[in-house]
Novice: 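Dumping the structure here so I can ask a few things about it.
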Amino acid sequence: MSRYDPTTSEPRWQAEWDSAGVFTARHDPARRKYYVLEMFPYPSGRIHMGHVRNYTMGDVVARTKIAQGFSVLHPMGWDAFGMPAENAAMERGGHPQDWTYGNIAVMKDQMKPLGLSIDWSRELATCDPEYYGQQQAMFIDMMEAGLVYRKAAVVNWDPVDMTVLANEQVIDGKGWRSGAEVERRELTQWFFKISNYSEELLDALDGLKDWPEKVRLMQANWIGKSRGLQFAFETVGAPKGFERLEVYTTRPDTLMGASFAAISPDHPLAKALEVKDPKVAAFVAEARKGGTTEEAIETGEKLGVDTGVRVRHPLDPDWELPVWIANFILMDYGTGAIFGCPAHDQRDFDFATKYGLPIKPVFVAEGADEAALTEAFVPMKSERVRFVSGFAGEETQTGDEAVAAAIAHAEKNGYGVGVTKFRLRDWGISRQRYWGCPIPVIHCTACGVVPEKKENLPVRLPYDVKFDMPGNPLDRHPTWRDVACPNCGMPAKRETDTMDTFVDSSWYYARFTAPRAATPTVAAEVDYWMNVDQYIGGVEHAILHLLYSRFFARAMQRTGNLPKKAIEPFNALFTQGMVTHEIYMTRDAAGRPAYHLPEDVTDGKLADGTAVEVVPSAKMSKSKKNVVDPMDIIAAYGADTARWFVMSDSPPERDVEWTAAGAEAAYKHLNRVWTLSDRIASLPEATPGTGDDDLLRVTHRAAAEVTRQIEGFAFNKAIAKLYELANAIQKSDASNAVQRQAVMVLAQLMSPMTPHLAEDIWAAQGGKGLVALAPWPKADPAMLTETTVTLPIQINGKRRAEITVPKDMPPAEVEQVALADEAVVRFLAGQPVKKLIVVPGRIVNVVV
RNA sequence: GCCCGGAUGGCGGAAUGGUAGACGCAGCGGUCUCAAACACCGCCGACGCAAGUCAUGCGGGUUCGAGUCCCGCUCCGGGCACCA
């Protein structure tokens with residue numbers, strides 16, 4: 001008898017895998033490659049259970065593919081630029097670079113004991129000049145390709161700290177440190193022309209068959225292709241230069257219901273009016289308060305001011321509409337100006353009701369009378385409506401038909417044109433921060449904006465910076481900032497904005513194929529390894545990161561940095577759920593919450609006996625202290641227990657709640673499996689038994705099922721099957737040889753999830769070499785077939801009996817057997833059978 | 001506010017439109033033990049003595065048959081372009 005002892009055996013197997021080079025990715029043209037990638041972590045300080053879950057999923061895929069004979073690339077890196085490093089420097093002193101590299105060292109040390117099949121020789125960090133220098137080279141390539149430009153864009157401005165704030169740093173419209181009311185302010189910023197690819201990024205979604213449907217839908221809605229009418233109102237009483245007001249609408253069919261026009265507070269007309277009209281100026285100033293997020297704008301109180309300017313209705317020159325400035329209109333979408341049709345848009349309805357503007361229906365529900373509206377009538381697109389006013393006539397039609405008719409009418413009569421627009425905006429990448437990739441351009445008074453010469457790359461971040469005052473320290477760094485113009489040699493200034501960290505993460509997957517190359521990528525390596533076959537990460541990245549990566553793949557190909565294929569970076573995507581935990585909270589006298597770590601809470605009480613309030617499970621977060629440190633679990637039970645737990649029970653796309661009981665149960669099961677193997681190993685050679693064939697069939701069926709479930713990303717179901725196989729071996733009375741065979745297959749099938757225990761069992765049963773390299777078990781189809789089948793019999797849809805018949809019995813015979821069944825006869829009680837439905841191999845339903 | 005998901009026993013969950021609750025946890029009963037723990041065996045949706053009835057967030061609908069499809073809600077979660 002020997003004990004399951006993960007603490008000593010896990011490091012031993014990790015050393016064995018290392019020395020055998022099991023996980024080193026090899027460019028081997030003779031073998032099929034498989035590239036599996038998990039979204040790389042931000043080096044926040046310590047790994048958490050979410051990381052364990054994410055990387056274990058990737059590991060299961062990678063290990064299965066290795067066993068199936070693929071040449072596997074499974075790399076790891078660090079998304080190492082970002083705000084937290086600067087925040088740490090401001091709060092605790094120190095330097096973002098030191099903080100970041102320190103965290104990377106700690107987290108790497110924490111990841112090693114998990115026994116992940118990572119090729120660490122390809123490790124990269126985005127804050128490494130070796131990485132961001134290549135990124136700068138690509139930025140310059142993109143400039144040359146016309147994919148980069150500058151324009152004014154709004155940012156969150158903290159008027160007290162005199163600094164730009166991230167959306168995260170705006171809390172209830174106020175700066176997180178100063179508490180001052182945030183304003184929207186315009187700044188000249190760098191942009192990538194992702195909008196050049198709107199149509200293509202949308203169309204190509206159809207080809208992403210192995211992406212979750214919901215992610216494709218979210219991206220499609222985000223890109224937001226719409227067909228609408230663009231036309232211009234003729235203005236009355238507007239300042240010079242504003243004789244026309246351009247409007248885009250997706251609902252031109254409601255034009256006859258217009259009761260006002262409205263423009264964004266950021267619209268040029270609003271800016272022109274604010275100069276001369278104090279009332280407008282006051283409103284616009286008020287409307288610019290608050291953050292820049294669409295959520296803040298859309299959920300705030302809808303306010304407006306009448307500018308006094310009027311516009312003529314395009315279909316009736318005598319009909320004038322007032323022009324309002326409204327705080328809910330986004331300058332970034334359409335033309336920043338709309339017409340309001342209160343009868344058929346709820347937001348316009350609320351606005352009109354509030355300010356006493358007319359509400360005039362254009363159509364009513366088919367068959368309904370025209371009556372006063374209590375809310376906007378917005379039909380579904382396919383719903384037929386009856387027009388009661390306007391050019392579209394009296395006939396009924398659907399919304400889609402009406403829109404098309406209205407565009408046709410406008411084009412025929414020359415007052416507007418049908419246009420296709422996208423909601424997707426260009427990608428603003430400028431950040432007024434230090435800890436990011438410097439934008440490699442120089443501003444020269446004579447030459448304008450000049451890219452840095454490629455031979456001068458990387459433009460390195462200076463180390464000697466201080467974070468003792470708000471703002472970007474690069475702005476205050478004279479020797480770094482003040483340089484000679486690369487073009488004319490005259491004194492010039494370096495761009496001090498750095499890049500959005502999403503840029504860093506938009507191409508790292510390609511860099512992994514040649515992480516040390518002197519160019520961003522290397523054709524031969526990209527050709528072999530790309531695309532990523534399986535990408536795994538959180539659903540919170542469903543839109544931005546994934547869309548930016550898809551854009552970057554295209555931009556890189558355009559600039560020759562991603563040769564040949566790789567138009568789509570990720571062939572298959574899996575979005576995993578979060579790891580959650582209950583939150584334990586107490587309140588102080590003032591009612592402010594205090595949070596407590598799970599390890600400090602026993603039976604709902606703190607050590608001093610205070611009862612805690614239990615808040616339902618939520619994403620593990622440091623601020624709520626509902627975290628379990630993976631290192632504690634590994635120390636107590638070993639990595640395999642943590643891995644087995646996060647893969648069992650919950651489906652991987654859903655959240656999983658970490659519970660101490662669950663971890664304990666996982667540990668117990670692994671012990672049971674070890675004990676089972678140990679018992680079989682200690683049986684004398686050639687111990688006879690009964691039921692060999694049964695156990696073999698169970699083993700083959702398990703191999704088939706587990707493989708199917710792993711390949712379908714249903715790890716919880718794979719684990720359920722592994723429980724069944726372990727239970728079956730436990731109960732079996734088969735011969736020693738067959739039991740050994742079964743337990744070795746069990747070890748192999750478990751090896752992606754619990755690789756160390758699998759090696760232990762493999763070795764104990766006399767397996768050759770490492771189980772990590774043993775060929776994946778293949779089920780014999782002959783062992784999977786059944787000869788009989790049990791069919792439930794329903795009477796009027798309720799299950800009343802069951803029969804067991806040969807699998808291939810013809811339906812007519814099944815009917816006879818079913819109707820002759822004693823229970824069926826009893827239930828029918830002589831009633832005539834109206835209908836009999838036999839679904840072969842499935843069910844019989846008798847209708848009376 | 002807008003876009004996208006989710007909801008099934010005490011708990012996590014399973015179920016190509018075809019026997020609702022696989023598998024696991026907790027619980028209950030038993031074996032072993034002086035005893036406890038461990039381990040092992042068995043039971044385990046609710047109500048009912050039983051036959052059976054009721055059960056997949058709520059309200060409708062389609063179907064021989066609905067957890068699954070359709071319509072209308074509720075609650076919870078993710079995203080909303082400077083968190084990563």
Side-chain angles (χ1 to χ4, degrees), chain A residues 39-42 44 79 81-84 153 155-156 164-170 189 194 212-222 224 291-300 302 328 332 346-347 423-433 500-502 504-505 538-545 547-548 575 577-578 580 616 618-619 648-651 653-657 659 661-662 664-666 668-669 671-672 675 714 716-717 719-724 727 730-731 790-802 834-837 839 841-848:
Chain A
M39 291 181 185
F40 64 165
Y42 177 78
S44 55
D79 187 14
F81 276 135
M83 274 199 321
V155 294
N156 303 303
V164 177
L165 297 179
N167 286 335
E168 188 193 44
Q169 298 169 319
V170 179
Q189 311 244 61
I194 189 172
E213 181 61 32
K214 63 170 174 178
V215 174
R216 289 190 285 161
L217 239 183
M218 280 191 267
Q219 292 216 350
N221 289 336
W222 185 262
T292 57
T293 67
E294 200 170 307
E295 183 190 6
I297 291 164
E298 296 263 1
T299 56
K302 310 290 185 287
F328 56 85
D332 288 322
Q346 190 58 41
R347 194 172 58 181
R423 203 185 76 101
L424 180 65
R425 308 200 295 256
D426 276 334
W427 176 10
I429 60 152
S430 287
R431 297 293 180 270
Q432 295 69 44
R433 279 190 272 279
D500 178 6
T501 56
F502 272 126
D504 312 336
S505 55
V539 71
E540 67 272 19
H541 294 293
I543 296 174
L544 292 178
H545 163 60
L547 195 58
Y548 291 151
T575 55
M578 299 177 302
T580 66
K619 179 177 183 170
S648 55
D649 291 348
S650 280
E653 67 277 12
R654 281 217 232 156
D655 293 350
V656 60
E657 184 183 42
T659 60
E664 179 76 28
K668 275 187 194 172
H669 180 71
N671 264 292
R672 238 182 333 254
T675 308
N716 56 324
K717 288 181 243 172
I719 284 184
K721 291 291 163 199
L722 290 167
Y723 271 104
E724 285 179 5
N727 290 341
Q730 180 104 291
K731 289 193 168 80
T790 299
L791 296 176
I793 301 171
Q794 293 183 335
I795 295 172
N796 289 336
K798 281 194 186 296
R799 182 183 171 280
R800 296 300 184 188
E802 63 178 38
K834 283 191 197 143
K835 198 170 174 184
L836 195 56
I837 295 148
V839 183
R842 276 289 172 188
I843 202 165
V844 180
N845 194 8
V846 185
V847 185
V848 291

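In this text, all values refer to a predicted model and were calculated from it rather than measured experimentally. Just so we're on the same page: letters track the sequence lines, and every chain starts at 1.
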Novice: Can you tell me the pairing partner of B:U74 across any strand shown, Watson-Crick or G-U wobble, with both distances under 3.5 angstrom?
Specialist: B:A7

Novice: Could you tell me which nucleotide pairs with B:C43 by Watson-Crick or G-U wobble geometry, both distances under 3.5 Å, or answer none if nothing does?
Specialist: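 Partner of B:C43: B:G27.
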
Novice: Are there any protein N/O atoms within less than 3.5 Å of an N/O atom in nucleotides 13-15 of chain B, and if so, which ones and at what distance?
Specialist:
residue: B:A14; atom: OP1; partner: A:Asn716; partner atom: ND2; Å: 3.0
residue: B:A15; atom: OP1; partner: A:Lys717; partner atom: NZ; Å: 2.6

Novice: Could you identify the nucleotide paired to B:C80, looking across every strand shown and requiring Watson-Crick or G-U wobble geometry with both distances under 3.5 Å?
Specialist: B:G1

Novice: Summarise protein proximity over nucleotides 78-84 of chain B in one line of letters, 5' to 3': B for base, S for sugar-phosphate only, - for none, counting protein heavy atoms closer than 4.0 Å.
Specialist: BSBBBSB

Novice: Provide the Watson-Crick or G-U wobble partner of B:U56, both distances under 3.5 Å; none if there is no partner.
Specialist: none

Novice: Sort out the partner of B:A37 for me: Watson-Crick or G-U wobble, both distances under 3.5 Å, none otherwise.
Specialist: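 For B:A37, the partner nucleotide comes out as none, under the 3.5 Å rule.
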
Novice: Would you mind calling B:G9 syn or anti? Take O4'-C1'-N9-C4 for purines or O4'-C1'-N1-C2 for pyrimidines, and syn is within 90° of 0.
Specialist: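 That one's syn.
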
Novice: Taking atom P in both B:G78 and B:U63, compute the distance separating them and give it to the nearest angstrom.
Specialist: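 Looking at atom P only, B:G78 and B:U63 are 40 Å apart.
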
Novice: If we count only N and O atoms by modelled type, under 3.5 Å, do the side chains of A:Thr292 and A:Asn167 hold a donor and an acceptor together?
Specialist: yes

Novice: Across nucleotides 36-42 of chain B, 5' to 3', mark each nucleotide with B, S or - according to how protein heavy atoms within less than 4.0 Å reach it.
Specialist: ---SS--

Novice: What does B:G65 pair with, Watson-Crick or G-U, if both distances are under 3.5 Å?
Specialist: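 B:G65 is unpaired by these criteria.
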
